[in-house]
Amino acid sequence: MAGKFFFIDTTRCTACRGCQIACKQYKKHDASKTKQYGTYQNPPDLDGNTFRLVRFSEHPAKVNSMAWYFFTEACRHCLKPACKKKADQIMKDAIIVHDKLGTVLFTKKTKELEKSFKAIKQACPWSIPTWSKKEKQMVKCNMCYDRVEAGLLPACVKACPSGALNFGDEAEMKKLATDHLAAAKKKFGGKGELLDFEDVRALYLITDEQSKYRPVA
Ligand code: SF4
Ligand code: SF4
Ligand code: SF4
């Protein structure tokens, strides 16, 4: 399989949003117009200017009155991407492609799929694709492939101060993920899982029910 992988240890995330801002800064994205709607999560969802978003959600806890759940969300760079499958069904052309790093890339040809955008977004299990009004095409995280090809880390990973976001070769990331899973299980009374381990290039470690990490925005 080879290629590059992310490993995200949510137990280490402090929700500083350094990753979210570093992505915005590197991509030279404008701020998204937003408003306070009762949560620290802002903007409300991924958009044409926001390829990585730190999700915040609160739930009742036994020890303290509330528990925070933080989840830095971006494209998982699936090994068999449903977005690409849908695009291929709609138009027989290389609209969404896999590059040599394993990155799932939305090409400029996605401009031709504006009418089918909704169907492609719905095909993604995490509703990641967004439509950029500025670029008039589908957009999302591209794994900072230009930085990675130059031997650098993705901007979001480089900015993470806590070790929550990691990036590297498959064997290294899968070992790190399984080591962190074992440590998390010891610390959190046997709780812990790696989400979609065989299917994606963004391996998330969580220690509670998955639904608690992704509030409806
Ligand atoms: S996470 Fe969604 S947008 Fe990203 S590659 Fe997978 S199906 Fe496509
Ligand atoms: S890899 Fe690059 S494009 Fe993707 S979320 Fe991180 S900074 Fe943004
Ligand atoms: S930079 Fe790291 S610690 Fe900060 S929100 Fe992103 S993943 Fe969490």
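Whatever order the structure lists them in is the order used to number ligands and atoms, beginning at 1. Since we're looking at a predicted model, the values are computed, not measured.
- Using a cutoff of 4.0 Å between basic side-chain nitrogens and carboxylate oxygens, Asp199 and Lys80 are not scored as salt-bridged.
- Shown in contact with Pro161 at under 4.0 Å from a heavy atom are these atoms of ligand 3, numbered in order with element: 1 (S).
- Taking every non-hydrogen atom of Cys78 and a distance limit under 4.0 Å, the qualifying atoms of ligand 1 come out as 1 (S), 5 (S), 6 (Fe), 7 (S).
- Each of the atoms 3 (S), 8 (Fe) of ligand 3 lies under 4.0 Å from some heavy atom of Thr14.
- For atom 8 (Fe) of ligand 3, the closest non-hydrogen atom of the protein is Cys13 SG, 2.4 Å.
- If you look at Lys140 next to ligand 1, the close heavy atoms, those under 4.0 Å, all belong to the side chain.
- Near Trp126, meaning under 4.0 Å from any of its heavy atoms, are these atoms of ligand 1: 1 (S).
- Residue contact annotation: Phe6 has a non-hydrogen atom under 4.0 Å from ligand 2.
- Distances from atom 4 (Fe) of ligand 3 to the heavy atoms of Ala164, Ala159, Cys156, Cys16 put Cys16 nearest.
- More than 12 heavy atoms of other residues, nucleotides or ligands lie within 6.0 Å of NZ in Lys111, so this atom counts as buried by the packing criterion.
- At a heavy-atom cutoff of 4.0 Å, ligand 3 is contacted by the side chain of Val54 but not by its backbone.
- Here the heavy atom of the protein found nearest to atom 1 (S) of ligand 1 is Arg76 N, 3.4 Å.
- Around atom OH of Tyr26, more than 12 heavy atoms belonging to other residues, nucleotides or ligands sit under 6.0 Å away.
- Figure legend: Arg76 and Phe197 shown without cation-pi pairing, the cationic atom not lying both under 6.0 angstrom from the six-membered ring centre and within 45 degrees of its axis.
- We find that Glu170 and Lys4 are not joined by a salt bridge, their nearest charged nitrogen and carboxylate oxygen being 4.0 Å or further apart.
- Given atom 2 (Fe) of ligand 1, the protein heavy atom at minimum distance is Cys124 SG, 2.3 Å.
- For ligand 3 and Arg17, the ligand atoms under 4.0 Å from any heavy atom of the residue are 4 (Fe), 5 (S).
- With hydrogens left out, the protein atom closest to atom 5 (S) of ligand 2 is Arg52 NE, 3.4 Å, a heavy atom.
- Sparse packing is recorded around NZ of Lys158, with 12 or fewer heavy atoms of other residues, nucleotides or ligands lying under 6.0 Å away.
- None of the N, O or S atoms belonging to Cys75 lies under 2.8 Å away from atom 8 (Fe) of ligand 1.
- Among Thr39, Asp45, Thr72, the single residue meeting the side-chain hydrogen bond (donor to acceptor under 3.5 Å, both in side chains) criterion with Arg55 is Asp45.
- Every atom of ligand 2 with a heavy atom of Pro154 under 4.0 Å away is listed here by number and element: 1 (S).
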Could you go through Asp47 and Thr130, starting from their C-alpha distance and side-chain angles, then the distance that decides it, and tell me whether this counts as side chain to side chain donor-acceptor pair (under 3.5 Å)? CA-CA 6 Å; Asp47 60 35; Thr130 61; over 6 Å; no

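- Nearest protein neighbour of atom 3 (S) of ligand 3, counting heavy atoms only, is Ser162 OG, 3.2 Å.
- For atom 6 (Fe) of ligand 3, the nearest non-hydrogen atom of the protein is Cys19 SG, 2.3 Å.
- Judged by the 6.0 Å distance and 45° axis criteria, Lys140 is positioned over the aromatic ring of Phe106.
- Electrostatic pairing of Asp179 and Lys175 counts as a salt bridge here, judged by a charged N lying under 4.0 Å from a carboxylate O.
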